[in-house]
Amino acid sequence: MNFFTTTLLLLFLTACIGLWYESQEEQQKILLPFSEKEQSLIALHGPWPNKPPADAGNSIRENYHAQALGEKIFLDPTLSSSGSIACASCHQPDRAFTDGLATAQGVTSLERNTPSLLNTAQNIWFGWGGESDSLWSHNIIPLTAKEEMAASAELIQQIIVNSANYNEQYAAIFGNGANAQSSEQVLVNVAKVLAAYQYTLVTEPSKFDIFRDALLNNNIEQAVQYSLSAQRGLKIFIGKGQCHLCHFGPNFSNGEFADIGIPFFTDDSVDSGRYNGIKTMKSSAYNRLSIYSDNNEQSERTVSINLQHRNWGEFKVPSLRGIANTAPYMHNGSLSTLADVINHYSTVSEERLHTDGEKIVNALKLNQKETNDLLTFLKTL
Amino acid sequence: MKLFNILLSNMLFIAPTALACQVDGGQTTTAGNISLSYKIINTQVKISQPFSIEIKLCQESTPFTPEQLRVNAGMPAHNHGMNYQPKITKLDKGHYQADNFFFHMMGNWEFEIDVLTADEKQSFIINYTL
């Protein structure tokens with residue numbers, strides 16, 4: 001064996017031994033030290049499940065019969081102009097209520113990624129641009145938008161009336177059959193039963209939640225079950241990464257909007273995101289101040305939202321719960337994997353961000369180990 | 001005795017005036033001849049949850065109504081303000097409540113309160129760490 005071959009073999013063996021030791025280290029059950037400040041921050045990202053914000057505008061949200069009817073309607077493709085598109089066509093239950101596509105496909109192709117409906121009741125605003133201020137009112141958009149399900153209030157009323165099963169359940173909930181109400185009221189009520197079903201879509205406590213509770217209760221035996229890589233990733237999340245500034249709280253989202261340097265150009269136009277979202281919400285006939293809201297309380301945000309120049313190109317801060325199951329990512333589905341997302345934050349150019357926007361995002365420049373650790377952590381949510 | 005009565009009557013005059021310029025349990029700051037007393041009302045500030053502040057304004061130790069009162073908040077290190085515009089309600093002369101404050105992230109915020117009279121504008125910056 002010559003010198004060159006021997007050197008290569010030695011290098012290879014060294015690398016193998018290094019990887020073996022690293023893997024042995026990773027398998028050790030160790031709790032990293034978390035400072036008081038870190039523990040305080042970790043505590044704020046739970047407990048889970050978390051009671052969703054109240055929605056006084058939908059008085060049947062917690063009605064069991066409404067939830068059951070809402071599930072049936074959610075799966076029903078006849079509530080579309082083509083008769084072939086259901087809510088579940090994009091929000092697929094076995095795909096974490098997404099569709100796995102970069103952008104959604106309704107009657108036509110859309111320009112935004114299908115968000116998961118898991119834990120959706122935790123949101124304050126609904127839609128990537130916050131086009132709606134309540135879950136129930138947001139259902140009206142995909143039901144009736146010509147690019148999505150393209151149904152009409154009249155069509156929806158007709159479907160409910162013509163189904164003895166639907167109409168009987170509808171009457172039990174609302175006191176009258178759909179035939180005794182205006183088509184507009186039926187549309188609103190169908191949106192509310194859908195929201196009642198969506199309210200039930202709640203994820204179970206995650207590995208992070210188990211770790212969080214164990215850490216705060218000083219249950220070391222349980223806490224060390226959380227991998228070292230995930231613990232290091234958590235430290236990055238609340239430390240160097242500052243991810244918690246926006247992805248905050250039990251739902252890992254502050255519920256607001258941000259420009260993180262993802263282009264807002266579409267194939268043939270621009271998507272102004274929050275800017276147009278605010279306008280849409282304020283002019284909506286179904287917002288929290290409307291006659292269709294069962295109660296106009298909890299409308300402080302609707303009343304006081306402030307349209308600003310920096311809202312242009314801002315998009316909703318999504319929840320990170322279950323994020324490993326909802327690829328691709330971003331409002332336009334432009335990032336295929338979670339690793340791509342982390343790479344985006346590692347390398348983002350500040351020149352891409354608004355000059356008058358929030359100066360929070362800057363390139364993290366994570367090394368490979370930090371990237372892997374942050375990825376491991378995100379997968380535990 | 002006469003001196004005592006004079007002192008006592010002065011105190012009785014000053015005490016209500018002082019109270020009229022102080023928010024109960026609040027803090028006070030001054031700019032020029034204007035004092036601003038304030039406090040966050042009834043609740044611990046939480047991320048993305050609404051809260052209100054109570055304000056009392058005095059000029060030369062007397063409650064007064066300015067031509068305009070503007071309130072807002074921002075995070076100077078992050079170069080952004082709030083996403084919402086607070087609503088001001090006048091409770092009495094020089095006495096206000098500002099609702100619909102929402103702090104949407106942790107960190108150092110500044111309340112920005114502008115008091116405009118016919119002659120001048122006084123700006124108050126009050127730091128708050130969430």
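Keep in mind that this is a model prediction, so the values were computed, not measured. Scope of the values below: all heavy atoms of this structure, side chains included, with no hydrogens, waters or symmetry mates. In what follows, every chain begins at residue 1, and chains take the letters A, B, ... in the order their sequences are listed.
- For B:K39, the NZ atom sits in a packed shell: over 12 heavy atoms of surrounding residues, nucleotides or ligands are nearer than 6.0 Å.
- Rounded to the nearest 0.5 angstrom, A:N306 CG and B:N83 CG are separated by 8.5 Å.
- Heavy-atom contacts from other residues, nucleotides or ligands closer than 6.0 Å to CD of A:E297 number 12 or fewer.
- Residues B:Y84 and A:E300 fail the side-chain proximity criterion, which asks for heavy atoms closer than 4.5 Å.
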Report the C-alpha separation of B:M105 and A:F248 in whole Å, then their side-chain angles, then the decisive distance to 0.1 Å, and conclude whether the side-chain contact (heavy atoms from CB on, under 4.5 Å) test is met. CA-CA 8 Å; B:M105 62 179 65; A:F248 174 85; over 6 Å; no
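- At a threshold of 4.5 Å between non-hydrogen side-chain atoms, the residues A:R301 and B:P50 count as touching.
- Counting heavy atoms of neighbouring residues, nucleotides and ligands inside a 6.0 Å radius, atom CG of B:D24 does not exceed 12 of them.
- Here the closest heavy-atom approach between residue A:R310 and residue B:G81 is recorded as NH2-O, 3.4 Å.
- Around NZ of B:K46, the count of heavy atoms belonging to other residues, nucleotides or ligands within 6.0 Å does not exceed 12.
- Of the two parts of B:M82, only the backbone, made up of N, CA, C and O, holds a non-hydrogen atom closer than 4.5 Å to a non-hydrogen atom of chain A.
- Identified by a heavy-atom distance below 4.5 Å to chain B, contributing residues of residues 271-289 of chain A are lacking entirely.
- If you run side-chain contact (heavy atoms from CB on, under 4.5 Å) between B:H104 and each of A:N254, A:I124, A:L245, A:V317, only A:N254 comes through.
- Atom CG in B:N100 sits 8.5 Å away from atom OG in A:S299 (nearest 0.5 Å).
- From A:Q242, atom CD reaches atom NE2 of B:H78 across 7.0 Å, with rounding to the nearest 0.5 Å.
- Here the side chains of B:M106 and A:L41 are in contact, with some heavy-atom distance below 4.5 Å.
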